[in-house]
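Quick note on labels: first sequence line is chain A, next is B, and so on, each numbered from 1.
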Amino acid sequence: MSESIISTKNLNLWYHEKHALQDITMEIEPKKTTALIGPSGCGKSTLLRCFNRMNDLINQVKIEGELCLDGCNILSDDTDVVALRKRVGMVFQRPNPFPKSIYENIAYGPRVHGINDRKELDAIVEKSLKHAALWEEVCDRLHESALGLSGGQQQRLCIARTLAVEPEVILMDEPCSALDPIATAKIENLIEMLKEDYTVIIVTHNMQQAARVSDYTGFMYLGKLIEYDSTTTIFEHPKQDLTENYITGRFG
Amino acid sequence: MTDKFHSELKELKKGVSDMAWFAFSMLTDSQKAFINQDEALAATVIARKDQIREQMVTLEETCYQLIALNQPVAKDMRVIACSLKVIAASERIGRYGKSTAKIVKEIAGKPHIANMMSLPLMSEYVLAMIDDALTAYDTENLRKIDGFSARDDAIDALRHSIFRESITYMMENPKTITQATYYIIIARYLERCADHACKIAENVQYMETGERIEIK
């Protein structure tokens with residue numbers, strides 16, 4: 001692997017008494033797609049949410065260890081969480097557009113970060129929608145409500161909204177689980193394109209999806225990172241029996 | 001992956017094993033027919049040709065369906081990949097059995113020359129290699145394929161010595177040319193069958209460990 005963009009060292013997380021992440025040590029390569037797989041409750045979404053401190057929003061969470069973005073420990077108290085989330089964007093399981101126009105959904109983030117010039121915002125909206133492969137479908141109705149879009153379009157809008165603030169890393173938590181196969185294929189194509197410019201980390205229940213879209217795969221089980229390797233190694237000849245048994249459907 | 005898939009995979013492996021041992025029986029019987037000049041046995045080998053092809057087509061189709069419908073990964077995928085190679089190698093071995101049986105018919109009635117040189121020994125070695133390769137596939141016991149490289153070298157040496165010996169006999173007495181030429185051809189078939197045993201062994205290694213080896 002080349003120099004990592006995100007690295008964790010002995011990362012531990014507790015939800016109250018529950019030890020949800022145990023000694024996670026991993027390095028995420030920039031401009032690659034990394035997938036996290038594992039059975040429900042294994043900690044993959046929890047780990048994903050650590051990368052932009054979304055777990056801060058949950059009560060009684062305790063985190064220990066190191067979590068660095070470009071070499072800086074983002075767990076330290078003086079981290080500017082708003083700035084962090086600009087650099088590390090997130091797309092959720094269910095599309096969650098704001099109840100506003102398509103245009104306003106995209107322009108919202110840049111405005112929060114101080115961009116108010118109309119022309120500049122127009123350019124950002126167009127660029128973000130093009131990057132998210134949605135421009136062609138919505139360019140003539142930018143001022144209509146985002147809630148009128150199909151599920152797949154809404155999810156791509158959410159991706160465009162994330163891209164609008166020019167993040168370095170995009171976290172995706174089950175981005176296709178609420179979508180039909182055609183919309184899923186569009187998102188998967190998009191992930192392939194995004195990795196030219198961004199680092200993508202995706203949590204997915206769908207192992208075939210992990211195999212299709214990712215360069216690296218981490219298999220998690222009961223809060224531990226059991227195996228982390230290139231996706232081809234994980235799916236062709238994993239080293240751990242637990243990984244083998246999970247991906248071949250013998251449990252989970 | 002579902003239990004149904006895993007039971008179908010098990011069935012596939014059993015089917016491939018049956019086909020491989022069927023091919024092995026074709027080669028074994030062709031060798032017996034050759035050594036004992038048993039035309040009737042040779043005829044039964046030739047008659048098995050269509051059956052081996054049918055088995056090949058059916059089993060390959062099963063492999064493709066399992067892949068298309070289940071998208072297998074890791075060992076499940078490697079079992080199917082290895083099985084496809086075993087199917088191809090077995091079909092070749094069966095066909096070499098058939099080709100040998102045809103030679104038995106060609107030279108029927110003509111006595112063996114030079115006590116068949118080292119052909120019976122070579123045949124024994126090659127059949128033992130195929131036996132071990134197929135047993136490794138069945139039992140997933142890699143010990144059976146240890147030392148295949150040296151065994152393959154011995155086979156190559158035997159083929160070469162049969163070739164040299166046959167040439168000598170042909171030069172000494174042109175009446176032996178037909179017989180000796182067939183001996184060279186059979187030695188060549190056996191050497192190819194040993195190569196197929198090596199290919200099976202390489203693929204069983206991959207199936208079991210994910211590691212690619214080359215048996216030279």
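Heavy-atom minimum distance, B/D76 versus A/E244: N-OE2, 4.4 Å. In plain terms, the two heavy atoms of B/Q71 and A/Q208 that are nearest each other are O-NE2, 3.1 Å. Nearest heavy-atom pair, A/E236 versus B/R78, reported as atom, atom and distance to 0.1 Å: O-NH1, 2.7 Å.
Every residue two or more places apart in sequence or in another chain that forms a side-chain hydrogen bond (donor to acceptor under 3.5 Å, both in side chains) with B/S25 is listed here: B/R48. Listed by chain and number, the residues in a salt bridge (Lys or Arg N to Asp or Glu O under 4.0 Å) with A/K44 amount to none (sequence neighbours excluded).
We find the NZ-CG distance between B/K75 and A/N245 to be 10.5 Å, quoted to the nearest 0.5 Å. Here A/K239 contributes atom NZ and B/T209 contributes atom OG1; the two are 12.0 Å apart, rounded to the nearest 0.5 Å. Rounding to the nearest 0.5 Å places CE of B/M77 at 8.0 Å from NE2 of A/H237.
The environment of A/Y15 atom OH is dense: over 12 non-hydrogen atoms of other residues, nucleotides or ligands sit within 6.0 angstrom. Counting non-hydrogen atoms of other residues, nucleotides and ligands closer than 6.0 Å to NZ of B/K13 gives a total above 12. Counting heavy atoms of neighbouring residues, nucleotides and ligands inside a 6.0 Å radius, atom NZ of B/K98 exceeds 12 of them. With a 6.0 Å radius and a threshold of 12 heavy atoms from other residues, nucleotides or ligands, B/F22 has its CZ atom above the threshold.
At distances below 3.5 Å, at least one donor-acceptor pair connects side-chain atoms of B/H6 with backbone N or O atoms of A/T248.
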